[in-house]
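Inspection log for the structure reproduced underneath, given as structure tokens.
Indexing begins at 1, ligand by ligand and atom by atom, following the structure's order.
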Amino acid sequence: MITIQVLQVPSVIPEPYWDIFLSSVSEERRAQASRFMHQADAYRSVLGEVLTRVKLSKLTGLGHREITFTRNKYGKPSLTHDADAQFNVSHSGDWIALIAGGKDELGVDVEKIAPIDLQIAERFFSPQENTYLAAQPADQQLHTFYRLWTLKESYIKAIGTGLSLPLDSFAILPSQYVQGQQVGDLCWCCTQTGHAELTGKLQQKGEQLSSDAEGDQNIRVMPHRFYSQPLDAKHMLAACTADGELPMRPEVVTLDKMYTKLVEDANAGR
Ligand code: COA
Ligand code: MG
């Protein structure tokens with residue numbers, strides 16, 4: 001079962017809590033945390049790894065300290081002991097988000113919503129996404145920008161290629177724009193134009209490029225499913241899976257709950 005967990009990062013973490021969180025992460029993470037200029041960056045980085053370890057410990061039966069990570073050439077982490085265990089983490093502003101479970105690739109992105117010059121969409125989004133964005137009412141455009149941004153990032157994080165996949169080589173849009181589907185809730189769909197790396201990946205998986213309704217052989221409707229919801233007034237959340245059901249809503253994890261779990265594990269000698 002795929003779950004999405006979110007954790008709100010407080011402005012100050014009590015020292016006993018911070019000590020146990022720090023002692024639960026890798027040495028690299030501890031060293032990185034000590035180099036951040038801003039405490040909030042250290043909090044997000046460390047808590048992201050703690051949340052991941054606690055969840056993976058539950059999924060695999062390994063102690064949270066026994067878990068080690070390997071990264072692909074674009075930086076996507078996987079579990080060293082079990083490359084099939086699926087998870088992905090994101091942190092921004094006041095929130096950390098973790099998606100985990102199932103058998104297929106997963107991606108998640110949370111972004112703090114800040115006022116920006118929407119012209120940057122032209123640099124990052126595909127023409128279809130820009131048309132969709134421009135058609136939204138003026139007071140919805142910033143929101144829509146962050147929706148598309150987080151959806152796109154959840155997708156590149158799921159496939160693990162990072163920004164090596166050009167951001168304008170695929171479009172994530174409401175399904176009714178792409179396939180004419182009539183669905184109650186807004187449902188998102190990704191179409192991908194031909195890209196050597198992705199094509200290679202799909203062929204490894206035995207999938208074929210197929211033609212779309214207009215017969216363009218280079219456009220493929222991807223099987224990926226998406227989740228997109230604001231976390232609060234200032235943060236947008238999106239998640240992506242290559243297959244399987246995404247949950248209806250995220251589960252909120254508290255700092256206390258995580259602390260208690262780590263103390264219990266420590267007392268049990270794990
Ligand atoms: N694929 C999937 N996950 C990755 C990854 C990759 N290639 N590289 C790193 N990650 C994971 C790591 O766990 C990382 O956390 P850690 O560094 O604390 O271990 C986490 O994703 C970071 O995600 P997030 O908090 O969302 O960071 P980000 O938004 O700064 O970076 C990346 C996102 C990883 C995709 C990065 O390639 C990047 O630089 N993105 C720039 C943002 C952008 O242009 N987005 C496009 C939106 S249209
Ligand atoms: Mg991000």
Side-chain angles (χ1 to χ4, degrees), residues 4-7 9 21 24-33 35-36 40-53 55-56 67-80 83 85-100 104-114 116 118-130 132-133 144-173 188 190 192 197-198 201 224 226 228 231 235-242:
I4 302 173
Q5 293 182 314
V6 293
L7 171 74
V9 185
F21 293 149
S24 305
V25 297
S26 67
E27 231 174 287
E28 296 80 17
R29 182 77 61 180
R30 270 195 297 279
Q32 185 195 46
R35 291 194 297 269
F36 281 121
D41 289 321
Y43 282 177
R44 281 189 288 266
S45 171
V46 169
L47 291 180
E49 186 174 323
V50 176
L51 185 64
T52 307
R53 282 177 181 273
K55 181 69 188 184
L56 290 178
I67 288 168
T68 57
F69 300 100
T70 313
R71 289 187 187 251
N72 77 3
K73 67 174 170 170
Y74 304 108
K76 182 169 184 171
S78 58
L79 195 57
T80 313
Q86 302 295 329
F87 66 94
N88 195 235
V89 69
S90 179
H91 31 77
S92 175
D94 300 340
W95 290 93
I96 294 166
L98 173 76
I99 186 167
D104 287 282
E105 58 196 19
L106 299 172
V108 68
D109 190 46
V110 55
E111 293 292 336
K112 183 173 178 182
I113 299 173
I116 39 137
L118 288 172
Q119 296 233 314
I120 73 159
E122 279 166 32
R123 274 197 10 236
F124 293 108
F125 292 176
S126 66
Q128 301 92 318
E129 288 162 337
N130 278 311
Y132 173 72
L133 178 60
T144 305
F145 172 88
Y146 276 99
R147 239 184 223 285
L148 294 177
W149 180 278
T150 51
L151 282 162
K152 284 175 82 68
E153 199 167 300
S154 74
Y155 175 68
I156 57 172
K157 292 185 72 182
I159 62 176
T161 54
L163 295 175
S164 68
L165 178 68
L167 292 170
D168 61 357
S169 69
F170 64 97
I172 302 180
L173 291 167
W188 300 86
C190 177
Q192 167 95 51
E197 176 127 8
L198 190 84
K201 242 184 119 176
H224 293 70
F226 295 92
S228 167
L231 262 176
H235 298 79
M236 188 64 79
L237 173 68
C240 170
T241 172

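- Within the 4.0 Å heavy-atom criterion, both parts of Tyr74, backbone and side chain, lie near ligand 1.
- No part of Val110 comes within 4.0 Å of ligand 1, judged by heavy-atom distances.
- In this structure, of Arg71, His91, Arg123, the residue bringing a heavy atom nearest to atom 19 (O) of ligand 1 is Arg71.
- For atom 4 (C) of ligand 1, the nearest non-hydrogen atom from the set Glu28, Gln32, Lys76, Glu129 comes from Lys76.
- Nearest-residue assignment for atom 18 (O) of ligand 1 (options Glu49, Arg29, Arg44; heavy-atom criterion): Arg29.
- One finds an angle of 90° at the Mg ion (ligand 2) between OE2 on Glu111 and OD1 on Asp109, to the nearest 10 degrees.
- For atom 48 (S) of ligand 1, the candidate residues are Tyr155, Trp149, Phe87, Trp95; the nearest heavy-atom contact is made by Trp149.
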Q) Are Asp104 and Thr241 close enough, and set up right, to give a side chain to side chain donor-acceptor pair (under 3.5 Å), and what steps lead you there? A) CA-CA 7 Å; Asp104 287 282; Thr241 172; 5.8 Å; no
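- The protein non-hydrogen atom at the shortest distance from atom 41 (C) of ligand 1 is Leu163 CD1, 3.5 Å.
- For atom 3 (N) of ligand 1, the closest non-hydrogen atom of the protein is Asn88 ND2, 3.1 Å.
- Considering only non-hydrogen protein atoms, atom 11 (C) of ligand 1 sits nearest to Pro77 CD, 3.7 Å.
- Ranking protein heavy atoms by distance to atom 9 (C) of ligand 1, first place goes to Gly75 O, 3.3 Å.
- The option from Lys73, Glu153, Lys157, Lys152 that lies nearest to atom 29 (O) of ligand 1, judged by heavy atoms, is Glu153.
- Distances from the Mg ion (ligand 2) to the N/O/S atoms of Glu153 are shortest for OE2.
- For Val89, heavy-atom contacts with ligand 1 shorter than 4.0 Å involve the backbone as well as the side chain.
- Between Phe125 and Phe145, a ring centre-to-centre spacing shorter than 6.0 Å is recorded.
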